[in-house]
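Following: one structure in structure tokens, then a few remarks.
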Amino acid sequence: MNEKNLFSTDADCSAQAEIYASIDIRKRLVIEYSCSYDDAPQRDFDRRAVVDSEDTAQMAAYYKVGVEQLPQLLFDRCGVPYDSTPSEADGVFKEALDVILDSGVHYKLSNL
């Protein structure tokens, strides 16, 4: 599986957020966004956006890259290359979803 970290929070923050983009074994683009709060675990969440394999191939063709290069493309367009604050995570996730939609394909969003 090809995976790229798009966003991570600083380890000293009371809320920890991570966003990963990957290509799974079915050749689907998967973006996972998880957030956990030290002081409010009831606010913890995990979200996943999945682009089916046909749309993933169409997205790769639109951006003129190979399917396996899509996580890097997402990092280049909206990734944050340094540890950041949790407040920026929602924006990065939204930007990654917008990159998908800009290519004319759709994703399925679910809470885990």
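Just so we're clear, the structure is a prediction, and the values are computed from it rather than from any experiment.
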Just to verify, what does Glu95 make a side-chain hydrogen bond (donor to acceptor under 3.5 Å, both in side chains) with, not counting sequence neighbours? none

From Thr56 OG1 over to Glu68 CD, what is the distance, rounded to the nearest 0.5 angstrom? 10.5 Å

Spacing of Phe93 atom CZ and Leu109 atom CG [to the nearest 0.5 Å]: 5.0 Å

Mind checking whether Tyr33 and Asp90 have side chains closer than 4.5 Å, heavy atoms only? yes

Regarding Glu18 and Ser34, is there a side-chain donor-to-acceptor distance under 3.5 Å anywhere? no

Pairing of Asp98 and Lys94 as salt bridge, 4.0 angstrom limit: yes

Determine the minimum heavy-atom distance between His106 and Leu101, stating which atoms define it. ND1-CD2, 4.3 Å

Check: Asp44 side chain, Tyr37 main-chain N or O, donor-acceptor pair, under 3.5 Å: yes

OG on Ser14 to CG on Asp38, rounded to 0.5 Å: 6.0 Å

Distance in Å, Tyr62 OH paired with Leu73 CG, rounded so as to fall on 0.5 Å steps: 11.0 Å

In the single-linkage hydrophobic clustering (I, L, V, M, F, W, Y; side-chain heavy atoms under 4.5 Å), do Tyr63 and Val50 co-cluster? no

So Asp46 and Asn111, do their side chains get closer than 4.5 Å, heavy atoms only? no

If you take all heavy atoms of Val92 and Cys78, which pair is closest and at what distance? CG1-O, 3.6 Å

Between Val99 and Ile31, is there shared hydrophobic-cluster membership here, with clusters defined by ILVMFWY side-chain heavy atoms closer than 4.5 Å? yes

Over all heavy atoms of both residues, which pair between Arg28 and Val51 is shortest? Give the atoms and the distance, please. CB-O, 3.2 Å

Using a side-chain heavy atom cutoff under 4.5 Å and only I, L, V, M, F, W and Y, what cluster partners does Tyr20 have? none

All heavy atoms of Leu29 vs all of Leu70, minimum pair found to be CD1-CB, 4.4 Å

Is the shortest side-chain heavy-atom distance between Val67 and Met59 below 4.5 Å? no

Can you confirm whether Glu88 is buried at CD, in the sense that more than 12 heavy atoms of other residues, nucleotides or ligands lie under 6.0 Å from that atom? yes

Any side-chain to backbone donor/acceptor pair from Thr9 onto Ala17? Under 3.5 Å, distance only. yes

Is there a path of hydrophobic side-chain contacts, each under 4.5 Å between heavy atoms of I/L/V/M/F/W/Y residues, joining Ile19 to Val30? no

Can you name the closest pair of heavy atoms from Ala11 and Gln16 and give their distance? O-NE2, 3.5 Å

Distance (rounded to the nearest 0.5 Å) between Ile100 CD1 and Leu74 CG: 6.0 Å

For Gln69 versus Gly66, what's the shortest heavy-atom pair and its separation? OE1-N, 2.6 Å

Close side-chain approach of Arg48 and Lys108, heavy atoms under 4.5 Å: no

Gln58 CD to Asp52 CG distance, which is reported to the nearest 0.5 Å: 9.5 Å

Please examine the side chains of Ser110 and Leu112, heavy atoms only from C-beta on, and report whether any two atoms are closer than 4.5 Å. yes

Group every Ile, Leu, Val, Met, Phe, Trp and Tyr by side-chain heavy-atom contacts under 4.5 Å, then state whether Phe75 and Ile23 land in the same group. yes

Residues at least two apart in sequence or cross-chain that pass salt bridge (Lys or Arg N to Asp or Glu O under 4.0 Å) with Arg47, listed by chain then number, are none

